[in-house]
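Computed over heavy atoms, backbone and side chain alike; hydrogens, waters and symmetry mates excluded.
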Amino acid sequence: MFDVEKIRAEFPILAREVYGRPLVYLDSGATAQKPRCVIDTVDRLHRELNANVHRGAHWLSEQTTERYEEARGRIAAFIGARREEVIFTAGATASLNAVARAWGGTNLRPGDNVVVSEMEHHSNLVPWQLAAQQQGAELRMLPFNDGGRLRTELLDRLVDGRTKAVAVTQASNTLGTRPDLRPVIEAAHAVGAVVVVDGCQGVVHGGADVGALGCDFYAFSGHKLYGPTGIGVLWGRHELLEAMPPFLSGGEMVDRVSFERTTFAPVPLKFEAGTPNYIGAIGLGEAVRFLESIPRAEAEAHEAELLAHAVDRLQAIDGLRIYGTEPDKCAILSFNVEGVHPYDLGMILDKLGIAVRTGQHCAEPVMAHYGVTGMCRASLALYNTRAEIDALADGVERAVRMLR
């Protein structure tokens with residue numbers, strides 16, 4: 001049996017109170033809380049092992065470099081990648097911008113097109129908008145239906161010989177939908193296009209094997225995976241990374257520099273200019289180590305049970321609509337209540353000690369699809385409990401009575 005109380009004991013912040021009430025944290029889709037092992041690792045690095053990596057010949061630098069590269073290897077194994085294909089960035093936003101700018105700037109031409117799904121987070125949409133505008137390419141939208149299913153049957157109308165990239169999420173941060181990426185990847189590869197996957201939610205809820213997935217680029221953020229903020233990962237196929245120009249330049253990403261010419265370091269160092277967030281990277285490696293200690297199937301079953309319970313409780317509330325009803329969705333619930341503004345609902349829940357997200361969730365096209373200005377979102381994690389789901393439902397019922 002999945003021992004959620006044992007898991008919760010590893011997260012110090014979950015024991016605190018807010019407004020005199022026990023904290024019910026249901027905003028892990030925005031940022032997950034950190035287990036004690038990650039907090040202690042980051043603290044110890046600052047206290048005992050802080051030195052720049054890949055530079056010093058002294059003991060501290062050598063030890064920190066070893067831990068940094070060890071983290072790279074652990075993360076690579078976690079997502080089924082080759083170690084040299086894992087690039088540390090500032091986060092998924094930085095990773096996706098890097099692909100759109102460096103790969104897109106090299107490969108997009110006037111008359112080409114990029115296909116982006118309608119359910120994307122802004123981080124996997126806006127960079128492609130900018131790249132298309134700068135290169136004279138067309139941006140095409142792959143829509144979803146009202147239930148949140150990606151309409152892959154339209155791929156043959158959207159993907160053609162001028163398609164150079166398809167950008168799609170592994171799991172929607174708003175709808176929870178986990179699209180079937182096989183037809184997307186097959187359609188893209190049939191015309192020689194690359195597939196760029198936003199894995200921010202997918203890597204957390206279910207994990208990722210990039211080799212089995214078959215995509216070409218994959219991005220995620222550490223802080224959503226129980227790791228530190230300011231650290232993320234860009235994975236790319238080795239041959240694509242070799243051909244892609246650097247997106248940042250400066251120290252440590254070079255091989256030799258003269259005023260006449262600069263040659264670059266091999267992948268992945270070619271893309272890690274300057275002092276990297278080595279403490280964040282090592283902290284993320286520790287978060288992965290923590291997750292590997294928990295049976296994945298048990299954690300997924302626990303989240304699925306929580307989601308089912310939340311759906312049962314919330315859909316019983318008069319006038320409440322849940323957005324995204326596809327089977328096998330991940331543990332994310334976005335909803336509105338008729339006649340109640342989501343911001344007002346979120347503020348009352350906050351006073352009850354319940355943390356949810358309100359607003360557009362950096363997914364305005366999703367809001368436009370449903371004709372709403374915002375939603376409330378409860379995003380669940382392996383440390384949440386049935387009692388917290390009941391607290392959420394009770395809180396929503398109370399708020400609705402007050403606001404109506």
Visitor: Do side-chain atoms of T163 reach the backbone of N113 as a donor and acceptor pair under 3.5 angstrom?
Guide: no
Visitor: Can you find a pair of side-chain heavy atoms, one from Q129 and one from V116, that are under 4.5 Å apart?
Guide: no
Visitor: Examine the side chains of E272 and H54 and answer whether a donor and an acceptor come within less than 3.5 Å of each other.
Guide: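 No.
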Visitor: Please confirm whether the ring centroid of F11 lies under 6.0 Å from the ring centroid of Y25.
Guide: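 So the answer is no for these two rings.
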Visitor: Flag yes if more than 12 heavy atoms outside R398 fall under 6.0 Å of its CZ atom; otherwise flag no.
Guide: no
Visitor: Between the side chain of T89 and the main-chain N/O of A94, is any donor-acceptor distance below 3.5 Å?
Guide: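 Checked: no pair found.
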Visitor: Determine, step by step, whether Y68 and F88 satisfy the ring-ring contact (aromatic ring centres under 6.0 Å, His included) criterion, reporting the C-alpha distance in whole Å, the side-chain angles of both residues, the deciding distance to 0.1 Å, and the verdict.
Guide: CA-CA 10 Å; Y68 179 71; F88 287 121; 5.2 Å; yes
Visitor: If you measure from CG on L49 to CG on L60, what distance do you get to the nearest 0.5 Å?
Guide: 6.0 Å
Visitor: Hey, does P183 have a side-chain heavy atom less than 4.5 Å from the side chain of L155?
Guide: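 Yes; the side chains approach each other to less than 4.5 Å.
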Visitor: For this output row, return yes or no: ring centroids of Y323 and F335 closer than 6.0 angstrom.
Guide: no
Visitor: Can you find a side-chain donor-acceptor pair between H205 and E303 that sits under 3.5 Å?
Guide: yes
Visitor: Will you find, in the side chains of Y278 and N50, an N or O donor that is under 3.5 Å from an N or O acceptor?
Guide: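 On atom types as modelled, these side chains qualify, holding a pair under 3.5 Å.
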Visitor: Is it the case that the side chain of Q201 and the backbone of G29 share a donor-acceptor pair, with hydrogens and angles ignored and the cut-off at 3.5 Å?
Guide: yes
Visitor: Could I get the full list of salt bridge (Lys or Arg N to Asp or Glu O under 4.0 Å) partners for E138, not counting sequence neighbours?
Guide: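 Counting only residues at least two positions away or on another chain, E138 forms a salt bridge (Lys or Arg N to Asp or Glu O under 4.0 Å) with R140.
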Visitor: Using modelled atom types only, decide if a donor and an acceptor are shared between the side chain of S61 and the backbone of H58 within a distance under 3.5 Å.
Guide: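 Side chain of S61 to backbone of H58: no pair is present.
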Visitor: Between the side chain of T263 and the main-chain N/O of R256, is any donor-acceptor distance below 3.5 Å?
Guide: yes
Visitor: Donor-acceptor pair, distance only, cut-off 3.5 Å: does the side chain of T177 make one with the backbone of G148?
Guide: yes
Visitor: Closer than 3.5 angstrom, by distance alone: can the side chain of N384 be matched with the main-chain N or O of L380 as a donor-acceptor pair?
Guide: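 The answer is no, because no donor-acceptor pair under 3.5 Å joins these two groups.
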Visitor: Using a 3.5 Å distance criterion without hydrogens, assess whether the side chain of K224 forms a donor-acceptor pair with backbone atoms of G222.
Guide: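 Between the backbone of G222 and the side chain of K224 there is no qualifying donor-acceptor contact (under 3.5 Å).
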Visitor: Output yes when a side-chain donor or acceptor of E85 lies under 3.5 Å from a complementary backbone atom of R82, and no otherwise.
Guide: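 Yes, E85 side chain to R82 backbone: donor-acceptor pair under 3.5 Å.
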Visitor: Is there a side-chain hydrogen bond (donor to acceptor under 3.5 Å, both in side chains) between S95 and Y218? Walk through the geometry before answering.
Guide: CA-CA 8 Å; S95 297; Y218 186 90; over 6 Å; no
Visitor: Ring pair (Phe, Tyr, Trp, His ring centres under 6.0 Å) with H189: which residues, sequence neighbours excluded?
Guide: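 Once residues adjacent in sequence are excluded, H189 has no partner under the ring pair (Phe, Tyr, Trp, His ring centres under 6.0 Å) criterion.
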Visitor: Is there a side-chain contact between E5 and T385 in this structure, where contact means two heavy atoms from C-beta onward sitting under 4.5 Å apart?
Guide: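 Sidechains of T385 and E5: in contact.
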Visitor: Taking all non-hydrogen atoms of both residues into account, name the closest pair between K270 and L241 and its distance.
Guide: NZ-O, 3.1 Å
Visitor: Does any part of the side chain of L333, heavy atoms only, come nearer than 4.5 Å to the side chain of R377, both counted from C-beta?
Guide: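 Side chain of R377 against side chain of L333, heavy atoms only: no contact under 4.5 Å found.
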Visitor: Just by distance, with hydrogens left out, do S117 and E120 show a side-chain donor and acceptor under 3.5 Å apart?
Guide: yes
Visitor: Under the 3.5 angstrom rule, does the side chain of N52 hit a backbone N or O of R55 as a donor-acceptor pair?
Guide: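 Not at all, since once roles are kept as given, no pair shorter than 3.5 Å links the two residues.
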Visitor: Which atom names give the shortest non-hydrogen contact between A187 and V159, and what distance separates them?
Guide: O-CG1, 3.6 Å
Visitor: Measure the shortest side-chain to side-chain distance between V38 and L284 over non-hydrogen atoms and say whether it is less than 4.5 angstrom.
Guide: no
Visitor: Taking atom types as modelled, is there a side-chain donor on S28 or Y383 under 3.5 Å from an acceptor on the other?
Guide: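 Side chains of S28 and Y383: pair found under 3.5 Å.
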Visitor: Flag the pair R36 and E286 as a salt bridge only when some basic side-chain nitrogen lies within less than 4.0 angstrom of an acidic carboxylate oxygen.
Guide: no
Visitor: Side-chain contact test, heavy atoms from C-beta onward, threshold under 4.5 Å: evaluate it for V166 versus V114 and give yes or no.
Guide: no
Visitor: If I compare all heavy atoms of V4 with all of L382, which pair ends up nearest, and what's the gap?
Guide: CG2-O, 3.6 Å
Visitor: Do Y370 and D146 pass the side-chain hydrogen bond (donor to acceptor under 3.5 Å, both in side chains) test, and can you show the C-alpha distance, the side-chain angles, and the key distance before you say yes or no?
Guide: CA-CA 8 Å; Y370 291 108; D146 283 354; 5.4 Å; no
Visitor: Mind checking whether E338 and R321 have side chains closer than 4.5 Å, heavy atoms only?
Guide: no
Visitor: Kindly indicate, with the supporting measurements, whether the criterion side-chain hydrogen bond (donor to acceptor under 3.5 Å, both in side chains) is fulfilled by H223 and T31.
Guide: CA-CA 6 Å; H223 69 101; T31 194; 2.9 Å; yes
Visitor: Return the orientation label for the H369 and F144 ring planes: parallel under 30°, perpendicular over 60°, tilted otherwise.
Guide: parallel
Visitor: Do S123 and D198 come close enough that some side-chain heavy atom pair is under 4.5 Å?
Guide: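 No. Closest side-chain heavy atoms not under 4.5 Å.
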Visitor: Could you measure the distance from the CD atom of E397 to the CG atom of L320? Nearest 0.5 Å is fine.
Guide: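 E397 atom CD to L320 atom CG measures 10.0 Å (nearest 0.5 Å).
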